[in-house]
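Read the numbers this way: they start at 1 and go in the same order the structure lists the ligands and their atoms. When reading the values below, keep in mind they use all heavy atoms of this one structure, side chains included, and skip hydrogens, waters and symmetry mates.
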Amino acid sequence: MKSDHHPSGAPWRNFYGRFKGKGLRKSQEVFLDEDLDQLSPGPVGWDVNPDRTPLDLESLFGGKPVWLEIGFGGGEHLVHQAASNPDVGLIGAEPYINGVAMLLGKIRDAGVGNLAVHPGDVRNLFDVLPEASISRAFLLYPDPWPKKRHHRRRFVTEEHIAPLARVLKPGAIFRVATDIPDYVRQTLQEVPRQGFEWLAETPTDWNTPWPDWISTRYEEKALREDRTPHYLTFRKL
Ligand SMILES: C[S@@+](CC[C@H](N)C(=O)[O-])C[C@H]1O[C@@H](n2cnc3c(N)ncnc32)[C@H](O)[C@@H]1O
(Lines give C-alpha, C1' and ligand atoms only; values in the text may rest on other atoms or scores of the structure.)
Protein backbone atom coordinates (compact mmCIF):
# COMPACT_ATOMS: atom_id res chain seq x y z
CA MET A 1 0.00 0.00 0.00
CA LYS A 2 1.24 3.48 -0.83
CA SER A 3 1.72 5.83 2.09
CA ASP A 4 0.99 9.51 1.83
CA HIS A 5 3.34 11.40 4.07
CA HIS A 6 3.85 14.39 1.83
CA PRO A 7 0.33 15.70 1.39
CA SER A 8 0.93 18.11 -1.48
CA GLY A 9 2.84 15.75 -3.77
CA ALA A 10 4.40 18.99 -5.03
CA PRO A 11 7.56 19.15 -7.08
CA TRP A 12 10.66 19.68 -5.00
CA ARG A 13 10.98 23.33 -5.95
CA ASN A 14 7.60 24.01 -4.34
CA PHE A 15 8.73 21.98 -1.37
CA TYR A 16 11.50 24.54 -0.82
CA GLY A 17 9.16 27.40 -1.61
CA ARG A 18 7.18 26.48 1.47
CA PHE A 19 10.23 27.22 3.60
CA LYS A 20 10.95 30.67 2.22
CA GLY A 21 11.21 33.12 5.09
CA LYS A 22 11.02 30.30 7.65
CA GLY A 23 14.51 30.17 9.10
CA LEU A 24 16.56 29.87 5.95
CA ARG A 25 18.91 32.67 5.07
CA LYS A 26 18.37 34.19 1.63
CA SER A 27 21.73 32.85 0.50
CA GLN A 28 20.68 29.34 1.54
CA GLU A 29 17.46 29.56 -0.50
CA VAL A 30 19.38 30.51 -3.62
CA PHE A 31 22.00 27.94 -2.79
CA LEU A 32 19.38 25.20 -2.54
CA ASP A 33 17.73 26.09 -5.83
CA GLU A 34 20.99 26.38 -7.74
CA ASP A 35 22.72 23.42 -6.20
CA LEU A 36 19.82 21.03 -6.44
CA ASP A 37 19.48 21.94 -10.11
CA GLN A 38 23.12 21.14 -10.70
CA LEU A 39 23.42 18.20 -8.36
CA SER A 40 24.07 14.95 -10.09
CA PRO A 41 22.09 12.71 -9.99
CA GLY A 42 19.74 15.18 -8.31
CA PRO A 43 16.86 14.89 -5.89
CA VAL A 44 14.88 11.63 -5.70
CA GLY A 45 11.69 10.46 -4.06
CA TRP A 46 8.05 10.78 -4.92
CA ASP A 47 7.93 14.50 -4.17
CA VAL A 48 9.72 14.84 -7.51
CA ASN A 49 7.94 11.82 -8.92
CA PRO A 50 4.23 12.19 -8.10
CA ASP A 51 3.33 9.17 -10.28
CA ARG A 52 5.57 7.09 -8.02
CA THR A 53 7.28 5.32 -10.86
CA PRO A 54 9.87 3.07 -9.24
CA LEU A 55 13.28 4.75 -9.22
CA ASP A 56 15.63 3.53 -11.91
CA LEU A 57 18.72 3.13 -9.74
CA GLU A 58 20.64 1.62 -12.64
CA SER A 59 20.48 4.88 -14.57
CA LEU A 60 20.97 7.00 -11.42
CA PHE A 61 24.15 5.26 -10.33
CA GLY A 62 25.26 3.18 -13.32
CA GLY A 63 24.77 -0.18 -11.62
CA LYS A 64 26.83 0.60 -8.51
CA PRO A 65 25.63 -0.83 -5.17
CA VAL A 66 23.36 1.72 -3.48
CA TRP A 67 23.51 2.73 0.19
CA LEU A 68 20.92 4.80 2.04
CA GLU A 69 21.30 7.13 5.02
CA ILE A 70 18.09 7.91 6.87
CA GLY A 71 17.97 11.32 8.60
CA PHE A 72 21.46 12.52 7.66
CA GLY A 73 21.22 15.68 9.81
CA GLY A 74 24.11 17.92 8.71
CA GLY A 75 25.35 15.33 6.19
CA GLU A 76 28.88 14.78 7.54
CA HIS A 77 28.63 10.99 7.63
CA LEU A 78 26.86 10.81 4.26
CA VAL A 79 29.50 12.87 2.45
CA HIS A 80 32.28 10.97 4.23
CA GLN A 81 30.85 7.65 2.99
CA ALA A 82 30.34 9.02 -0.54
CA ALA A 83 33.93 10.32 -0.67
CA SER A 84 35.40 7.08 0.78
CA ASN A 85 33.34 4.80 -1.48
CA PRO A 86 33.39 6.11 -5.06
CA ASP A 87 32.18 2.70 -6.31
CA VAL A 88 28.94 3.06 -4.36
CA GLY A 89 25.92 5.33 -4.98
CA LEU A 90 24.61 7.03 -1.84
CA ILE A 91 21.09 8.32 -1.20
CA GLY A 92 20.39 10.53 1.80
CA ALA A 93 16.92 11.35 3.13
CA GLU A 94 16.33 14.28 5.48
CA PRO A 95 13.28 16.52 5.88
CA TYR A 96 15.16 19.15 7.95
CA ILE A 97 15.72 21.90 5.41
CA ASN A 98 18.76 23.46 7.11
CA GLY A 99 20.33 20.00 7.14
CA VAL A 100 19.81 19.72 3.37
CA ALA A 101 21.46 23.16 2.97
CA MET A 102 24.43 22.03 5.10
CA LEU A 103 24.74 18.83 3.07
CA LEU A 104 24.83 20.73 -0.19
CA GLY A 105 27.72 22.85 1.09
CA LYS A 106 29.62 19.72 2.05
CA ILE A 107 28.93 18.07 -1.33
CA ARG A 108 30.26 21.18 -3.03
CA ASP A 109 33.41 21.24 -0.86
CA ALA A 110 34.10 17.51 -1.24
CA GLY A 111 33.24 17.46 -4.96
CA VAL A 112 31.44 14.12 -4.69
CA GLY A 113 29.17 13.08 -7.58
CA ASN A 114 27.85 9.74 -6.30
CA LEU A 115 25.22 11.14 -3.96
CA ALA A 116 21.48 11.75 -4.43
CA VAL A 117 19.28 13.64 -1.99
CA HIS A 118 15.71 13.01 -0.98
CA PRO A 119 14.85 16.27 0.81
CA GLY A 120 11.94 14.81 2.78
CA ASP A 121 10.55 11.92 4.78
CA VAL A 122 12.28 8.64 3.93
CA ARG A 123 8.90 6.89 3.88
CA ASN A 124 8.14 8.71 0.62
CA LEU A 125 11.38 7.37 -0.75
CA PHE A 126 10.57 3.81 0.35
CA ASP A 127 7.44 4.07 -1.84
CA VAL A 128 9.54 4.51 -4.99
CA LEU A 129 12.55 2.34 -4.23
CA PRO A 130 12.45 -1.06 -5.95
CA GLU A 131 12.28 -4.14 -3.76
CA ALA A 132 15.69 -5.56 -2.75
CA SER A 133 17.59 -2.63 -4.29
CA ILE A 134 19.66 -1.24 -1.38
CA SER A 135 22.86 -2.88 -0.11
CA ARG A 136 23.41 -0.91 3.09
CA ALA A 137 21.38 1.45 5.29
CA PHE A 138 22.39 3.80 8.11
CA LEU A 139 20.17 5.12 10.88
CA LEU A 140 22.42 7.35 13.01
CA TYR A 141 21.18 8.93 16.19
CA PRO A 142 17.48 8.76 15.31
CA ASP A 143 15.15 11.08 17.23
CA PRO A 144 15.01 9.53 20.73
CA TRP A 145 11.34 10.19 21.65
CA PRO A 146 12.21 9.66 25.34
CA LYS A 147 8.69 9.63 26.81
CA LYS A 148 7.21 6.15 27.06
CA ARG A 149 3.96 7.17 25.40
CA HIS A 150 6.00 8.39 22.40
CA HIS A 151 8.07 5.23 21.93
CA ARG A 152 5.78 4.14 19.11
CA ARG A 153 6.92 7.22 17.13
CA ARG A 154 10.48 5.96 17.11
CA PHE A 155 11.94 4.94 13.78
CA VAL A 156 12.54 1.39 14.96
CA THR A 157 8.89 0.43 14.70
CA GLU A 158 7.15 -1.80 12.17
CA GLU A 159 5.81 1.24 10.29
CA HIS A 160 9.34 2.20 9.26
CA ILE A 161 11.35 -1.01 9.50
CA ALA A 162 8.98 -3.17 7.41
CA PRO A 163 9.28 -0.89 4.32
CA LEU A 164 13.02 -0.59 4.94
CA ALA A 165 13.26 -4.40 4.98
CA ARG A 166 11.39 -4.54 1.67
CA VAL A 167 13.90 -2.32 -0.14
CA LEU A 168 17.03 -3.97 1.33
CA LYS A 169 18.71 -6.83 -0.50
CA PRO A 170 19.02 -10.14 1.34
CA GLY A 171 22.37 -9.95 3.17
CA ALA A 172 22.29 -6.13 3.25
CA ILE A 173 23.76 -4.42 6.31
CA PHE A 174 21.71 -2.06 8.48
CA ARG A 175 23.67 0.07 10.95
CA VAL A 176 22.04 1.87 13.88
CA ALA A 177 23.85 4.25 16.25
CA THR A 178 22.23 5.69 19.35
CA ASP A 179 23.19 7.07 22.75
CA ILE A 180 19.87 6.16 24.38
CA PRO A 181 19.91 2.82 26.27
CA ASP A 182 16.16 2.37 25.89
CA TYR A 183 16.51 2.95 22.15
CA VAL A 184 19.03 0.09 22.09
CA ARG A 185 16.47 -2.09 23.87
CA GLN A 186 13.69 -1.26 21.41
CA THR A 187 15.99 -1.64 18.38
CA LEU A 188 17.13 -5.10 19.48
CA GLN A 189 13.51 -6.07 20.08
CA GLU A 190 11.88 -4.64 16.94
CA VAL A 191 14.42 -4.89 14.12
CA PRO A 192 14.86 -8.71 14.23
CA ARG A 193 11.03 -9.04 14.05
CA GLN A 194 11.19 -7.55 10.54
CA GLY A 195 13.62 -10.15 9.20
CA PHE A 196 17.06 -9.04 10.42
CA GLU A 197 19.71 -10.75 12.51
CA TRP A 198 21.85 -8.75 14.93
CA LEU A 199 25.59 -9.19 14.36
CA ALA A 200 26.53 -8.72 18.00
CA GLU A 201 30.26 -8.85 17.32
CA THR A 202 30.31 -6.37 14.43
CA PRO A 203 32.20 -4.22 15.22
CA THR A 204 33.79 -6.03 18.19
CA ASP A 205 31.18 -4.91 20.71
CA TRP A 206 28.42 -2.35 20.78
CA ASN A 207 30.57 0.43 22.25
CA THR A 208 33.20 0.22 19.51
CA PRO A 209 32.54 2.29 16.40
CA TRP A 210 32.73 0.79 12.93
CA PRO A 211 36.23 1.08 11.39
CA ASP A 212 35.00 3.51 8.71
CA TRP A 213 33.06 5.66 11.18
CA ILE A 214 33.17 9.42 11.52
CA SER A 215 31.35 11.05 14.36
CA THR A 216 28.14 12.95 13.60
CA ARG A 217 26.89 16.19 15.12
CA TYR A 218 24.50 14.31 17.38
CA GLU A 219 27.19 11.96 18.53
CA GLU A 220 29.41 14.92 19.43
CA LYS A 221 26.54 16.35 21.45
CA ALA A 222 26.00 13.02 23.22
CA LEU A 223 29.71 12.78 24.09
CA ARG A 224 29.75 16.35 25.42
CA GLU A 225 26.79 15.46 27.62
CA ASP A 226 28.47 12.24 28.84
CA ARG A 227 26.18 9.78 27.11
CA THR A 228 27.66 6.59 25.67
CA PRO A 229 27.32 5.77 21.97
CA HIS A 230 26.09 2.32 20.96
CA TYR A 231 26.71 0.85 17.52
CA LEU A 232 24.43 -1.95 16.33
CA THR A 233 24.83 -3.91 13.10
CA PHE A 234 22.08 -6.02 11.53
CA ARG A 235 21.99 -8.24 8.47
CA LYS A 236 18.85 -8.57 6.38
CA LEU A 237 17.91 -12.24 6.15
C1 LIG B 1 18.67 13.38 16.16
S2 LIG B 1 18.86 13.81 14.47
C3 LIG B 1 20.37 12.99 14.00
C4 LIG B 1 20.97 13.56 12.75
C5 LIG B 1 22.27 12.88 12.26
N6 LIG B 1 22.01 11.51 11.83
C7 LIG B 1 23.36 12.92 13.31
O8 LIG B 1 23.72 11.85 13.84
O9 LIG B 1 23.85 14.02 13.60
C10 LIG B 1 17.63 12.79 13.70
C11 LIG B 1 17.34 13.21 12.27
O12 LIG B 1 16.42 12.30 11.67
C13 LIG B 1 15.57 13.03 10.80
N14 LIG B 1 14.36 12.24 10.58
C15 LIG B 1 13.38 11.98 11.48
N16 LIG B 1 12.39 11.27 10.90
C17 LIG B 1 12.78 11.07 9.61
C18 LIG B 1 12.16 10.42 8.50
N19 LIG B 1 10.97 9.83 8.60
N20 LIG B 1 12.82 10.42 7.32
C21 LIG B 1 14.04 11.01 7.21
N22 LIG B 1 14.65 11.64 8.22
C23 LIG B 1 14.02 11.68 9.41
C24 LIG B 1 15.35 14.33 11.56
O25 LIG B 1 14.94 15.39 10.69
C26 LIG B 1 16.71 14.59 12.17
O27 LIG B 1 17.53 15.40 11.36
Side-chain angles (χ1 to χ4, degrees), residues 2-7 12 15-16 18-19 22-24 32 43-48 67-82 90-107 115-129 134 136-147 150-168 174-184 186-187 190-191 194 209-210 212-225 227-232:
K2 300 292 182 198
S3 51
D4 205 24
H5 309 290
H6 189 306
W12 62 269
F15 175 80
Y16 289 112
R18 293 193 295 123
F19 289 90
K22 293 189 182 145
L24 275 185
L32 281 168
V44 295
W46 73 256
D47 327 51
V48 286
W67 296 358
L68 169 67
E69 184 167 334
I70 299 160
F72 57 72
E76 47 283 322
H77 177 267
L78 183 59
V79 171
H80 165 73
Q81 291 291 353
L90 274 291
I91 303 180
E94 174 56 68
Y96 167 54
I97 194 73
N98 296 63
V100 176
M102 284 188 258
L103 171 75
L104 294 178
K106 292 182 180 111
I107 291 177
L115 208 166
V117 185
H118 170 58
D121 190 316
V122 74
R123 290 172 291 181
N124 297 341
L125 184 62
F126 290 151
D127 286 348
V128 294
L129 280 173
I134 303 293
R136 183 168 292 203
F138 304 94
L139 177 67
L140 308 175
Y141 295 90
D143 294 325
W145 294 108
K147 292 186 181 149
H150 291 154
H151 286 182
R152 71 185 112 103
R153 298 188 191 173
R154 287 176 170 171
F155 199 89
V156 290
T157 47
E158 184 180 358
E159 182 196 350
H160 301 91
I161 302 298
L164 171 67
R166 185 190 72 82
V167 304
L168 288 179
F174 175 39
R175 291 181 176 180
V176 183
T178 179
D179 55 317
I180 310 291
D182 190 66
Y183 209 106
V184 174
Q186 192 171 346
T187 303
E190 297 288 336
V191 172
Q194 302 304 325
W210 300 283
D212 57 353
W213 177 244
I214 60 152
S215 200
T216 66
R217 286 199 322 148
Y218 271 81
E219 179 166 275
E220 294 299 318
K221 184 167 183 280
L223 290 170
R224 277 197 305 277
E225 294 169 5
R227 290 189 302 276
T228 306
H230 295 77
Y231 308 96
L232 305 174

TODO: Tell me which one of Y218, F72, F155 gets a heavy atom nearest to atom 9 (O) of ligand 1.
DONE: Y218

Open item on the list: Within a 6.0 Å radius of atom CD on E158, are there more than 12 heavy atoms belonging to other residues, nucleotides or ligands?
Closed with: no

Task: Distance-only N or O hit between ligand 1 and L140, under 3.5 Å - done: yes

TODO: Provide, to 0.1 Å, the distance between atom 20 (N) of ligand 1 and the closest protein heavy atom, together with that atom's residue and name.
DONE: V122 N, 2.9 Å

Task: ligand 1 contacted by P95 (non-hydrogen, < 4.0 Å) - done: yes

Open item on the list: Which label fits W145 and H150: parallel for a plane angle under 30°, tilted from 30 to 60°, or perpendicular past 60°?
Closed with: perpendicular

Task: For atom 16 (N) of ligand 1, closest protein heavy-atom neighbour - done: D143 OD2, 4.3 Å

TODO: Can you spot which of T187, L139, L68 makes a side chain to side chain contact (heavy atoms under 4.5 Å, CB included) with F174?
DONE: L139

Task: Protein heavy-atom partner closest to atom 5 (C) of ligand 1 - residue, atom, separation in Å - done: G71 O, 3.5 Å

Task: Contact atoms of ligand 1, heavy-atom distance to D121 under 4.0 Å - done: 18 (C), 19 (N), 20 (N)

Open item on the list: With the threshold set at under 4.0 angstrom, would you say E94 reaches ligand 1 through any of its heavy atoms?
Closed with: yes

Open item on the list: So for ligand 1, is Y96 a polar contact partner (N or O within less than 3.5 Å, distance only)?
Closed with: no

TODO: May I ask you to decide whether E159 forms a salt bridge with R123, counting only side-chain N to carboxylate O separations under 4.0 Å?
DONE: yes

- [ ] Pull out every atom of ligand 1 sitting under 4.0 Å from any heavy atom of T216, numbered as shown with elements.
- [x] 7 (C), 8 (O), 9 (O)

Open item on the list: I'd like to know if the side chain of S215 pairs up with that of E220 as donor and acceptor (distance under 3.5 Å, no hydrogens or angles considered).
Closed with: yes

Open item on the list: Pairs of nitrogen or oxygen atoms closer than 3.5 Å, one from E219 and one from ligand 1: do any exist?
Closed with: no

Open item on the list: So, using side-chain contact (heavy atoms from CB on, under 4.5 Å) as the criterion, who are the partners of R175 when residues are at least two apart?
Closed with: Q81, R136, F138, I173, W210, D212

- [ ] Look at atom 1 (C) of ligand 1 and say which protein heavy atom is nearest, naming residue and atom and giving the distance to 0.1 Å.
- [x] Y141 O, 3.0 Å

Task: Heavy-atom side-chain proximity of F155 to D143 below 4.5 angstrom - done: no

Task: Pairing residues for H151 by the side-chain contact (heavy atoms from CB on, under 4.5 Å) criterion, not counting sequence neighbours - done: K148, R154, D182, R185, Q186

